[in-house]
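Okay, structure first, notes after.
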Amino acid sequence: MDIIAGQRVGEVMVSHSQRIEAQCYDLHGAPPLGALLRIGSPPAYAVVREIWHEALDPSRPLTPRGRNLETEEEIYAANPQLSAMLTTRFAGLVVGFGAGPTVRFGLPPQPPNLHAFVFACDSDETAAFTNDLGWMRLLLTDGSPAVDSALAGFLRRSAAVVADRQGFLLRAGRTLAAELSRDPQRLQAILRETTT
Amino acid sequence: MVVGGSLSRGLDVRLDGSANASLEDVAVGSFVTVVGRRQRYFAVVTDLELRTVDDSVRHFPPTRSPGGDDFHAEVMAGTLAYGQLSVMPSMTAPLHSDVAGGGTSELAEQAKTIPEHFAPVYAASQADIDAVFRAQGSDAFSLGSPQGMETASIRLDLGTLASRSVGVFGASGSGKTFLARMLLAGLVKEGDAVSLVFDMESEYGWQGQDNDRRRQVKGLKQLFPSRVVTFTLDEESSRRRGVTPDGVVRIGYDEIEPADIEVLRDLLNLSEVAASTAWNLERHYGRSDWLRAFLALSGADVGELANELGVNLAALQTLYRRLSAWSRFGFLADTGEGRSSAGGIIEQLQRGNHVVLEFGQYGRNTAAYVLVSNLLTRRIHETWVRRKELADGGQGDEPRPLVIFIEEAHKFLTPEVASQTIFGSIARELRKYNVTLMIVDQRPSGIDSEVMSQLGTRLSCALNDDRDMNAVLMGARDANQLRGVLARLDSKQQALVFGHAVPMPVVVRPRDYDESFYAEMAIATSAAGSIPVGALAETEAERMQREIDELFPPE
């Protein structure tokens, strides 16, 4: 399912200062890894770090249903209750927040409220985050291995919309290099993922 | 920007990755300006280094990205890996003084402080260079341009230069002769000090040879016909070259002393015993006649003489054989004549004229060169010492500052003989008697270290030998830093200048010795007539002759 920029995608279910978890309105309807999210009002901004699908009721584990079916779609067609039993969730790392008319990088004074609406940011909002990339540090300090891919995803998608692609990638790469000066291998891995 | 360092070691300057500054644009020896909070610092780049933030960058260098471009390297260059300069701050000037406008209220002085962290560093401008070398004024002698700044020029105060001994060093072909000739021309132009040039290859007087461009260049006499007097030891050679010398120099046998033989011991390949027999000869024949009498002997007589004196026969024979070669020296003359030619030179010098002594064919004979220059210098030095002492006692004028110019100095300033030659004592006693040396040499390591350390200003072109480089830098401040600069001079037309006459060490590309240089010198020639010291001893007849010479330069 394609997510349109600016679209509302879900609500916050778990909220920490540096991390939120949200549940999508639609099964398999999460914004992509590395997408920029706007959450609640006053807005907090987060980058999608991880997406997962699971059963709504943890006491009722899933079982295979397609042994005698040809395609995956047929499973859902034959079991219409599934879309109500299953859900898609995603986690975002908070990187900034709205303070009046401007966006500030860092963590908001309060975490987003529960049930706060989660939007996929449009390109204007994303541009604000490509001007100053100092917030990337907040992502890099997160221990999750998925975060590097999330960062690469953000850069790749941002590069596609900025005017000067090469200039942007070089600036982003140098900002990253300053953060990862002790770990050139990790730096190169992220760069490789960004440019391919 | 400045990221570290110390006053003694120099500053570490990190190249600014964002300003697209490249290590390849910065040459060792170039000038930079550091703008501190209150002071402006002038510094010389002494070393260049590739640094990495973390050692692992060396182990995992950037790979080519799949697209085939050097994106990874581009990202890492200037961030994880960067260039660092070592710069040695030498001079400071207060920041608020209008350096760019050439204000002269505050002069640059020796750096006793260093700038703070993160002070920005720029390539030096002409204004900065002027601020450092400003003491000389804009009409001072221009030596050449600093490295990497073709339009700027380094100016030297030749009066300061001449007040202490000077060394010009460089491997053969590195341009030291041109540099030396330029300094001499400058000295003549400035008109304060007089110089005596012992011109081994006959390339300073009338004209010199540019071996690279295969052309003739003007010598001092051509540039300053009225202020330079040429003498020759070898009249025939001068005539062959179509040069009319102003005088011919003869050395009397009676002027040569056993001490002169001692000095020449290595050159003549004499044993210590053989050289010392000269003293026996002097005792036997008397001071004024020993050499002539000795050389007049036949081979058989030498044996008898050895018996008579009680000296080693073989030693005496060796001495005889070696010295016999001297009888072919056309410049050796009978008793008496020598004094007058030395007197002629002294008279010209006292009159304020510069003297070039051409050696002609004898220039190829180092023994002759050493012998003659040593002898004449001794006479002249005696005169200067006497006059200086008289002047100190209130009788008579101070003698003019005299610069004695010698080539192949390592031949007579070796540690063994430096204490015996007159040059050794001149170098040591500094300017006490208004006599200084200008030494041109290609093997400074052969020169006595005590003499080297007394050289006020040293100009060094490229040198090939490690020992020579160490010798040149001996006793210099910041020798370690300068070592790197010296080792990387171009093999031609670059010189490191440091010491008394320059406020800070500087790498200079000497200016071309060409028409524009002639022209600049020519202006000085016409002005020189109005300098009272130059005209003092000039009679009416001499003045007319000088003017004739200027109008119709002798062919």
Side-chain angles (χ1 to χ4, degrees), chain A residues 33-34 47 95 105 129-141 143 145 147-196, chain B residues 1-5 11-26 47-86 115-123:
Chain A
L33 198 63
V47 172
V95 294
F105 305 112
F129 277 79
T130 57
N131 287 338
D132 180 347
L133 295 158
W135 54 266
M136 289 197 294
R137 180 186 183 81
L138 292 168
L139 260 59
L140 293 169
T141 48
V147 80
D148 287 4
S149 296
L151 189 52
F154 173 83
L155 294 177
R156 193 170 53 240
R157 248 169 300 103
S158 301
V161 297
V162 296
D164 175 14
R165 178 177 189 275
Q166 273 306 318
F168 167 71
L169 284 179
L170 197 59
R171 192 159 52 84
R174 291 200 160 150
T175 312
L176 265 184
E179 298 295 340
L180 293 176
S181 60
R182 300 283 166 200
D183 197 350
Q185 287 165 284
R186 188 175 172 198
L187 169 68
Q188 293 203 60
I190 297 176
L191 293 180
R192 208 172 299 122
E193 211 176 326
T194 304
T195 50
T196 46
Chain B
M1 59 168 67
V2 174
V3 292
L11 299 173
D12 300 330
V13 175
R14 180 182 167 143
L15 272 190
D16 193 348
S18 60
N20 258 334
S22 163
L23 261 191
E24 297 176 14
D25 298 334
V26 185
D47 199 8
L48 305 164
E49 196 182 352
L50 295 170
R51 296 289 298 263
T52 54
V53 172
D54 191 83
D55 213 31
S56 53
V57 176
R58 297 154 162 273
H59 307 306
F60 303 102
T63 49
R64 267 181 125 46
S65 58
D69 56 22
D70 291 326
F71 178 58
H72 291 193
E74 249 180 278
V75 165
M76 287 164 81
T79 50
L80 297 196
Y82 58 93
Q84 181 173 301
L85 319 177
S86 301
E116 292 179 0
H117 263 99
F118 316 130
V121 180
Y122 305 96

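Fair warning: this is a prediction, and the values are worked out from it, not measured in the lab. To find a chain, count down the sequence lines: A is the first, B the second, and so on, and within it residues start at 1.
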Legend entry - Any B:Pro62 side-chain heavy atom under 4.5 Å of A:Gln188 side chain: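 They are in side-chain contact.
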Could you pull out the closest heavy-atom pair between [X] and [Y], with the gap in Å?
| X | Y | result |
| --- | --- | --- |
| A:Arg182 | B:Val53 | NH1-O, 3.2 Å |
| A:Ser181 | B:Asp54 | O-CB, 3.4 Å |
| B:Met76 | A:Leu187 | CG-CD2, 3.7 Å |
| A:Pro184 | B:Leu80 | CB-CD1, 3.9 Å |

Inset, instruction - Would you give the length of the straight line joining atom CG of A:Leu170 to atom OG1 of B:Thr79, rounded to the nearest 0.5 angstrom? - result: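 Output value for this atom pair is 9.0 Å.
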Inset, instruction - Measure the NE2-CD1 distance between B:His72 and A:Ile190 for me, rounded to the nearest 0.5 Å. - result: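 Separation between the atoms: 10.5 Å.
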Inset, instruction - Report, as yes or no, whether the 6.0 Å neighbourhood of atom CZ on A:Arg137 holds more than 12 heavy atoms from other residues, nucleotides or ligands. - result: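 Incorrect, the count does not exceed 12.
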Legend entry - Contact class of A:Leu169 relative to chain B, heavy atoms under 4.5 angstrom: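 Both parts, backbone and side chain.
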